[in-house]
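One structure is given here, and the rest of the page talks about it.
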Amino acid sequence: MNGGSNGLLSGELRLAGRLDARFFALLQALADTGSLQRAARAAGYSYKGAWLVLEQAGNLAHGPLVQARQGGRGGGGSALTPAAHALLQAWQALTQRHAAFLREQAQWLADQPELAALLRRTAMKTTARNQFAGRIEALTRGPAIVQVRLSLPGGLPLRAALNAEAAEALGLAEGQEALAMVKASEVVLVQDFGGYRLSASNQLAGTVSRVTKGATGSLVGLTLPGGLTLTASVTNDAVDALDLRVGQPATACFKASVVMLAVAG
């Protein structure tokens with residue numbers, strides 16, 4: 001059973017290391033339907049799988065959990081034994097206690113704003129390899145595009161550009177905390193500008209701290225001032241051509257338009 005505040009706190013209740021919510025859903029469905037076949041379907045087991053798990057649990061309980069019901073005009077079926085009913089009742093009582101415990105801990109967590117904010121940032125699941133927590137320092141609103149300047153840990157600047165409709169939907173405001181996400185494939189690494197200036201709004205200088213080669217591409221980690229690490233996905237040919245190695249300086253460049261922003265709902 002899971003519970004918590006905004007998905008930040010959860011916990012699975014499991015008895016004896018193996019009897020979980022799915023097993024007790026099987027017992028409950030069996031009590032409700034009197035049919036192992038229907039109960040197995042309801043709990044997501046195959047018929048054979050349901051028999052197996054009930055048989056194993058019965059062996060551990062030193063007695064069967066299911067008994068055949070005598071047939072009549074409606075035919076036979078299956079029923080829970082007294083031991084199974086006692087087990088199911090214990091589970092129901094424990095789930096209520098478990099839910100109450102989680103609510104109590106969720107309330108404690110709500111009183112720890114810094115910890116809750118950290119967990120919210122960690123809870124987001126996304127394919128973007130680069131995720132940075134920052135604070136919005138400035139907003140420049142245009143008729144179609146809103147320019148956002150964020151301050152990352154260590155004072156690093158990061159710029160994002162999003163359409164006005166998206167900015168309004170997010171309710172962006174100065175001083176607000178935000179998550180900035182950038183796909184590794186959108187990052188271009190520059191080792192030598194050769195006297196040129198780039199149009200990319202974001203140009204973050206750092207030191208190569210990791211080069212992980214794959215069959216055709218490599219993931220290059222760049223450690224930025226303040227300890228943040230940014231990952232770029234580049235071809236192996238590019239790694240060889242630039243002779244990218246750990247300890248070398250490089251600059252990560254990417255457009256403001258490829259930066260995705262997320263704020264707490």
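- Neither side chain, Ser233 nor Arg129, offers a donor N or O lying under 3.5 Å from an acceptor on the other.
- A donor-acceptor pair is defined here as one N or O able to donate and one able to accept, closer than 3.5 Å; such a pair exists between the side chain of Gln203 and the backbone of Leu198.
- Side chain of Gln56 to main chain of Val53: no donor-acceptor pair is present (N/O by atom type, distance under 3.5 Å, no hydrogens or angles).
- For residues 13-37, the ring pair (Phe, Tyr, Trp, His ring centres under 6.0 Å) pairs, not counting sequence neighbours, are Phe24-Trp91.
- Listed for the Asn130 side chain is no donor-acceptor partner under 3.5 Å among the backbone atoms of Met181.
- Partner Phe132 forms a side chain to side chain contact (heavy atoms under 4.5 Å, CB included) with one of Leu150, Leu230, Thr229, Leu156 and no other, that one being Leu230.
- Distance alone, capped at 3.5 Å, places no donor-acceptor pair between the Asp20 side chain and the Leu15 backbone.
- Cluster membership for Leu219 and Val187, using ILVMFWY side-chain heavy atoms within less than 4.5 angstrom, is not shared.
- The backbone N or O of Pro64 lies less than 3.5 Å from a partner atom in the side chain of Thr81, making a donor-acceptor pair.
- Put simply, the side chain of Gln176 gets close to the backbone of Ala173: a donor and an acceptor are under 3.5 Å apart.
- Under the side-chain contact (heavy atoms from CB on, under 4.5 Å) criterion, Glu55 pairs with Asn59, not counting sequence neighbours.
- At least one donor-acceptor pair closer than 3.5 Å links the side chain of Thr33 to the backbone N or O of Ser35.
- A 6.0 Å sphere centred on CD of Gln92 holds more than 12 heavy atoms belonging to other residues, nucleotides or ligands.
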